[in-house]
There are 2 protein chains.
Amino acid sequence: MPSVAAIEVLAEPNRRRILDLLRGGERPVGELVAQMTLTQPAVSKHLRVLKDAGLVDVRAQAQRRLYRIRPEPLAELDAWLAPYRSLWSKRLDDLERHLAQKEP
Amino acid sequence: MPSVAAIEVLAEPNRRRILDLLRGGERPVGELVAQMTLTQPAVSKHLRVLKDAGLVDVRAQAQRRLYRIRPEPLAELDAWLAPYRSLWSKRLDDLERHLAQKEP
DNA sequence: TGGCTATATACATATCTAGAGATATTCACC
DNA sequence: GGTGAATATCTCTAGATATGTATATAGCCA
């Protein structure tokens, strides 16, 4: 069970890219490959890492493998971030107040 | 200008640890070193990386350097995470509903 | 069965990075 | 000015990792 392992896996930009592509829903490997400047083995390897971290799930459909997001580890990452939120929320409040003032 | 560089910097567990320690407020390097199982140069190096990513700020006080959190990059990371939130919020709603049902 | 498609794995390599130890820098204080 | 304390930087090294090429595996269809 990886605690905040998601952040280590998602440090890799191509893996973030893959996840972004999967936000549109289930996708076969080939389609992911087509939208990235990486070879198929490289993409498969990233998918393996994502799967091991529980960030994606696979489903076989004939020779195809359909990948989709598993959001749980992202929720954990979000939880890790939570205690820090108060550090910037005040400034954001200030910003909102400032913007609201510009067009009353 | 690092877009989501924070996530790459925070992939390192010791750097997350440092940030956690700084949640308690400004700290000199020596104090951070004392609470970690790392040599002073190693901690200084991590602090350098954190500073380059804009995740911390330094302030000199005599020979001491007081480090503190700069929350902006964390806010960016939070923003990156935002589009994914809908993926798990439904399940969390379900969980909450389930829990609420157990003690009416 | 044979050939084609889709994906995964093996292997080799080049790059990156965290870490330790040693040294340099900066400041306070005598 | 000299000494000691606090921190930064330099150098080197061991380990990790992302990638490409080549190969294996598995399923469909004729």
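Just so we're on the same page: letters track the sequence lines, and every chain starts at 1. Since we're looking at a predicted model, the values are computed, not measured.
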Short side-chain N/O contact from Arg48(B) to OP1 or OP2 of dT9(D), under 4.0 Å: yes
Residues touching DNA chain C, which here means a heavy atom under 4.0 Å, drawn from residues 24-32 of chain A: Pro28(A), Val29(A), Gly30(A)
Connected via hydrophobic side-chain network under 4.5 Å: Leu66(A) and Val58(A): no
Set of side chain to side chain donor-acceptor pair (under 3.5 Å) partners for Arg15(A), sequence neighbours left out: His46(A)
Whole-Å gap separating P (dT7(D)) and CZ (Arg59(B)): 13 Å
Side-chain (Arg27(A)) to main-chain (Leu32(A)) donor-acceptor, under 3.5 angstrom: no
From CG (Asn14(A)) to NZ (Lys45(A)), nearest 0.5 Å: 13.0 Å
First and last nucleotide of DNA chain C, 5' to 3', lying under 4.0 Å from heavy atoms of chain B: dA18(C) to dA28(C)
Give every donor-acceptor pair under 3.5 Å between a side-chain atom in residues 33-43 of chain A and any protein atom, sequence neighbours left out.
residue  : atom : partner  : partner atom : Å
Thr39(A) : OG1  : Ala42(A) : N            : 3.4
Gln40(A) : NE2  : Ser44(A) : OG           : 3.1

Nucleotide-resolved protein contact map, nucleotides 15-26 of chain D, B/S/- at heavy-atom distance under 4.0 Å: ---BBSBB----
Candidate pair Arg85(A) and Leu81(A), rule side-chain contact (heavy atoms from CB on, under 4.5 Å), full reasoning: CA-CA 7 Å; Arg85(A) 231 165 249 135; Leu81(A) 209 51; 4.1 Å; yes
Short side-chain N/O contact to dA8(D) OP1/OP2 from Tyr67(B), under 4.0 Å: yes
Trp88(B) CH2 to Ile69(A) CD1 distance, which is reported to the nearest 0.5 Å: 10.0 Å
Separation of Arg48(B) CZ from Leu50(B) CG (nearest 0.5 Å): 12.0 Å
Listing, residues 19-26 of chain A side-chain donor-acceptor contacts under 3.5 Å, not counting sequence neighbours, or none:
residue  : atom : partner  : partner atom : Å
Asp20(A) : OD1  : Arg23(A) : NH1          : 3.4
Asp20(A) : OD1  : Tyr84(B) : OH           : 2.4
Glu26(A) : OE1  : Arg59(A) : NH2          : 2.9
Glu26(A) : OE2  : Arg59(A) : NE           : 2.7
Glu26(A) : OE2  : Arg59(A) : NH2          : 3.4

CZ on Arg16(B) to CD1 on Ile7(A), rounded to 0.5 Å: 5.5 Å
